[in-house]
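Following: one structure in structure tokens, then a few remarks.
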Amino acid sequence: MIASASAPGRRVARLIARLTRDEKISLLHGATDPHSLGQAGYVPGVPRLGIPPLRLADGPAGVRVTRHATALPAPVLLAAAFDPDLARRYGRAIGHEGRALGQDVLLSPMVNLIRTPYAGRNFETFGEDPLLSADLVAAEIRGIQDEGLIATVKHFALNNQERDRMSVDVRIDERTLHEVELRGFEAAVAAGTGAVMGAYNKVNGVFACENATLLTDVLRRRWGFDGWVMTDWSAAHSTAAALAAGLDMEMPDGAHFGRPLAEAVAGGSVSERQLDRAVRRVLSVLDRFGLLDGTAPPRPERDAAAGAALAREVAEAGATLLRNERRTLPLTGAAARGIAVIGPTGLHPFVSGGGSAHVIPERAESPLEAIRARAGRDAEVTYALGEDVYGKPVPRGALDGDIDTEGQAVAPGETWTYRGTLTVGEADEWILLVHYSGERPKVVLDGEELFPVAAGYAEYFQGGLVTAAPDGLTVRRRTLRLARGAHRVEITARGGAGGQRFRLRRITGATRERDVAEAVRAARAATSVVLFAYEDATEGRDRTTLGLPGHQARLIEAVTEANPRTTVVLNTSSATAMPWLRGTAAVLQMYYPGQEGAAATAAVLFGDCDPGGRLTQSFPVDDDHHPVAGDPLRYPGEHGVERYSEGVHAGHRWYDAEDVRPLFPFGHGLSYTSFGYEDLRVRAAGRGLDVSFTVRNTGRRGGVEVAQVYVGPSPDLRLDQAVRVLGGYRRLTLRAGERRRVTVRVGERTLSCWDAQRHDWARGTGRRTVWTGASSRDLRLRGSVEVPA
Ligand code: BGC
């Protein structure tokens, strides 16, 4: 019992001895916060013994509370910088702000790997590669905890998709589990994460939150984790079994760890020792953070300016230039003086993805304004919507009677009703939208309720952009085919406690045609075009196609045909299929760039900074050519079961193993300058390798290169190994003409495979090939080395 021999261990032991059973149980599950700051979770603490309440807030892209917070770029964009030091500063910014905003525990980072390009939360992850994710998660956790906020790595494990996330049973072999998904979690534990959040899904037949293999054998025995494990929100399924398996805390309530736990202890199916063990795990972390003896640093002031500066830096560092024909970017000279900005997220900034990672900042500039400001007064910058997201007013006269479709207000406590007729001139597809504050109004068309309130929770899972109008009203939409003629409409709106506002909008085939035509006219009249395309991903829902939503593909085709000097800026969550790619001049991947995304996007477009990002995931050509295509058992699962039958060939390794050409490979991203690689030397160093080479900026301007090292299989391991794995990387900023000698250390773990017979790592000795280059498919130098036993 090393822990109890130390002073902190004794302090915790003394506390446990003084806690009543009910007090112990109250520390093991969530409750309602009497002074909620809008965070996700709360544990009341035991004030009489100086155990403070805990407030637990999301999340991965900034602190999610009711108050404004810094909306940082999505983690996938951070990851694109391939820069653990930046990840540490990202963690610090969130750690600082979390403490300033009254929080004690952060429900982040998410280190599940991107396995399927459809997964709704890909933007919350660091990508598809185990090594890169492990490096970044460790750095971010150190950053968060440097500031005294307790980090929670999530979701342990294999929550790699949203589809059926509450129930899907992931079947995976031991080797794949350790070599692929678990690497990031192991790194998080080694970095000292205070807490771990169990996943919703099952792993090999057992729910993750009561899976003893994961929670005890791997997490505690193998990795030595000494913090506490909490459930994902409402992911507990049992009491005694879960506690025995290694779960310590249920969130956000006590459905299983509240009264049922008290009954289980009273009835003997849970022992007092088991209860104490869980309490000890929680209290030990609080003690480590100085929360039990008053040594925690005082809560700092929020530093919004520092948060904003970091948000900008990360967005520029991760901006990934996928294509740049004929040096279209950066925009200079005439190309910078006549610009048409097109697309909804060109006007309304796409700040943050949907679900629990959504953060609302105090301000976010419009990309159009940022481009205008940067282009200067002599430039002409026009704007066209192109693709409508929020709808246009229902024309006056289309609805009879007394209704102002653009702004109906209902006073608190009042009920407002409307009965009338909608007259449709031509049969057409209509998307009817309601924008509202307060209670959702009931809109009935020809006897059918269009926006049933029962679907309310689903709103949370609609996305970060499309569910809220620019002025903050909630948006719901419904697509209908409306025949020509009169349609009966009834609306009931209740003012509730705080009053209500709503407006009705619509998008029809005809308004869509007009939007595209206007965009084409703007494109024709301009020297260059910057077209913003979006895809609104969220927790709780997977995409069903890799194509852009709505009619954006058609818009891009029409605009690029009208003006070939078109740059497409992507505000998308992860991989997108681009059947329209060939018509474009440039494609800039900005993901969800946070509150400073507009200025960062403009800075990259005009060349004030080099696009510093590289893909941390492979972009497939289409829906039929990626690691989970064509096999429903692999994804999304059949009869509740899913098999990770790709084995260790996840992400870019799959494209190499199957010899499939991706649209853009892992590691890809262009600079505004060019780089040469020279003089590769590889030598065995300790249990790993030292890979040295020289990178030279061969262009005429300064720029950023992310040099990557890949390692081939070991001839001595009789296992199905990857064609090549990422062995290391180095982000370099080089002046024009500058050359730099770098040494990338390839660690022992990267050289090893999991030996499922021995349940341990086996180092891959023998002659191994080593490459260095600018992406997994742009390998510039090749060498080999003898890895000694
Ligand atoms: C998500 C978690 C999140 C939690 C609390 C869950 O639905 O899966 O990632 O931390 O909600 O908001």
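Note that the structure is predicted; figures quoted are calculated from it, not measured. Both ligands and their constituent atoms are indexed starting at 1 by order of listing.
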Polar proximity ligand 1 side, Trp233 side, N/O cut 3.5 Å exclusive: no
Which of the atoms in ligand 1, numbered in the order shown and given with their element, are less than 4.0 Å from a heavy-atom of Ala40? 5 (C), 12 (O)
Quick check on the 6.0 Å ring-centre criterion: do Tyr635 and Tyr118 meet it? yes
Tell me the contacting part of Met251 for ligand 1: side chain, backbone, both, or neither, using a 4.0 Å heavy-atom threshold, strictly below. neither
For Leu107, the ligand 1 atoms with a heavy-atom partner under 4.0 Å come out as 10 (O)
Salt-bridge contact Arg121-Glu539 (side-chain N to carboxylate O under 4.0 Å): yes
Cation-pi check, Arg115 to Tyr644: give yes when NZ or CZ is under 6.0 Å from the six-membered ring centre and within 45° of the ring axis, no otherwise. yes
Decide whether the shortest distance between a heavy atom of Glu124 and an atom of ligand 1 is less than 4.0 Å. no
What verdict does the side-chain contact (heavy atoms from CB on, under 4.5 Å) test give for Val111 and Thr125, after you've listed the backbone C-alpha separation in whole Å, the side-chain angles of each residue and the deciding distance to 0.1 Å? CA-CA 6 Å; Val111 75; Thr125 76; over 6 Å; no
Ring centroids only, cut at 6.0 angstrom: are Phe666 and His652 within range, meaning strictly under it? yes
Counting only heavy atoms, which portion of Glu539 has something under 4.0 Å from ligand 1: side chain, backbone, both, or neither? side chain
Donor-acceptor pair, Glu250 side chain versus Ala255 backbone, under 3.5 Å? yes
For ligand 1, which atoms, with element, lie under 4.0 Å from some heavy atom of Lys154? 2 (C), 3 (C), 9 (O), 10 (O)
Ion pair check, Asp226 and Arg220, cut-off under 4.0 Å: no
Atoms in ligand 1 flagged as close to Met197, the criterion being non-hydrogen separation under 4.0 Å: 10 (O)
Check whether any heavy atom of Arg165 sits under 4.0 Å from an atom of ligand 1. yes
